[in-house]
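Counting from 1, the numbers follow the sequence of the chain as shown. First listed ligand is number 1; within each ligand, the first listed atom is number 1.
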Amino acid sequence: MFVCLKYGTTKEVINKFITNIKAQNFFAQDACSGAEKFIEIHCTEKDMEAIIPYFGDIYVGHSVYKHCAHYHNYLNIKAGGYTFKPEHFTIIGGPCSIESEQQVKCIAESIHKNIHFLRGGAFKPRTSPYDFQGLSACGLEYMKKNSYGVPIISEITAIDQLPYFEQRVDIIQVGARNMQNYDLLGKLGQTKKPILLKRGLSSTIHEWLLAAEYIMSNGNKNVILCERGIRTFENYTRNTLDLSAVVAVKKLSCLPVIVDPSHACGKWWMIEKLSKAALAVGADGIMVEVHNLPDQALSDGPQSLKPSKFNKLVAELRVLAPHFGKKVV
Ligand code: PEP
Ligand code: MN
């Protein structure tokens, strides 16, 4: 457990509390980092109830999530000239995979006025090794050249790809399959690029937030969470969109939370309703797959909106957002 103390609490006061807690037979140590004042205590939630009163008015809160806990200020993460703010509803759209220079140009041309970030996969983690695996670094190049000035986001699948991402991408996506690749997460903690961390296929909220801690505790505080549906017994939809998890992580953490309705449901005709539901439960934005020719897409065509439908959805979200304390800037 990490106990967060008021900014400016002195070393003497911290040491006094550590001595007191140790005297009660709990492990306790100074876990301050820079201006952030923390004491790490090994105890249960129930034990904390007894310990808390000793801290008096220097106590701010406690959590197992040292870096992403709710008592930190909402992180105004900056990426490619855009800032994630609590009042912003962020729109991310683009194809599942970059298939060719023409394809990404055509999609970006038709949606660039309605997106804050263009998405597109170049290193694709496909279930079958016989399916399209992405255009690799070349795909990132096509995307950067044809994004109409919109910042870009793409998925990394191995740390040796990092140099390509450092040069060409504004937000690095960690996909559901890699959410528990702790070596990758730790190394992404050493970059400055913001990371969009998708929830694992069958990960709990606790595992998801601890995955964020792997990145943040290694030095990169710029983490954005993305709920993309979890695997349940239901197979009519591709996954089950867990909107309650969005409400939970908004309460437990200080991180922006994006909803990806495309991978959650797997069906293009559900995307509009799920996007509006995401706004209604307090998500900070959506990430939607968009394709000019969904029937011919090399991946995830059935869950991709055509540009005209996507643009209509964003127009509606612009009108709805202020009713939920948000705006699409
Ligand atoms: C994707 O965004 O294209 C993707 C592969 O997503 P996920 O990791 O959520 O399956
Ligand atoms: Mn996809």
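With waters neither drawn nor counted, the protein N/O/S atoms under 2.8 Å from the Mn ion (ligand 2) amount to 4.
With salt bridges taken as basic N to acidic carboxylate O contacts below 4.0 Å, one links Arg168 and Glu141. Asp300 and Arg238 are joined by a salt bridge, as a carboxylate oxygen and a charged side-chain nitrogen come within less than 4.0 angstrom of each other. One finds a salt bridge joining Asp30 and Lys11 here, because a Lys/Arg side-chain nitrogen approaches an Asp/Glu carboxylate oxygen to under 4.0 Å.
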Pair up each side-chain donor or acceptor in residues 275-295 with any protein partner under 3.5 Å, not counting sequence neighbours, and list the distances.
residue : atom : partner : partner atom : Å
Ser275  : OG   : Ile271  : O            : 2.7
Lys276  : NZ   : Glu272  : OE2          : 2.6
Lys276  : NZ   : Glu316  : OE1          : 2.6
Asp284  : OD1  : Tyr74   : OH           : 3.4
Asp284  : OD1  : Lys250  : NZ           : 3.1
Asp284  : OD1  : Lys326  : NZ           : 2.6
Asp284  : OD2  : Lys250  : NZ           : 2.8
Asp284  : OD2  : Val257  : N            : 2.8
Glu289  : OE1  : Gln303  : NE2          : 2.7
Glu289  : OE2  : Arg119  : NH2          : 3.4
Glu289  : OE2  : His263  : NE2          : 3.1
His291  : ND1  : Leu293  : N            : 2.9
His291  : ND1  : Leu293  : O            : 3.2
His291  : NE2  : Glu99   : OE1          : 3.3
His291  : NE2  : Glu99   : OE2          : 3.1
His291  : NE2  : Gln103  : NE2          : 3.4

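Within 4.0 Å of ligand 1, protein heavy atoms come from Cys96, Arg119, Lys124, Glu155, Gln173, Gly175, Ala176, Arg177, Lys198, Arg228, His263, Glu289.
For the ring pair (Phe, Tyr, Trp, His ring centres under 6.0 Å) condition, the pairs that include at least one residue of residues 188-245, sequence neighbours left out, are Tyr65-His206, Tyr182-Tyr214.
The minimum heavy-atom distance between Lys78 and Pro194, with the atom names listed, is O-CG, 3.5 Å.
Around CD of Gln102, the count of heavy atoms belonging to other residues, nucleotides or ligands within 6.0 Å does not exceed 12.
Seen from the ring of Phe165, Lys193 does not count as a face-on cation partner, given the 6.0 Å and 45° thresholds.
Ring pair Phe117/Phe84 is parallel by interplanar angle, where below 30° counts as parallel and above 60° as perpendicular.
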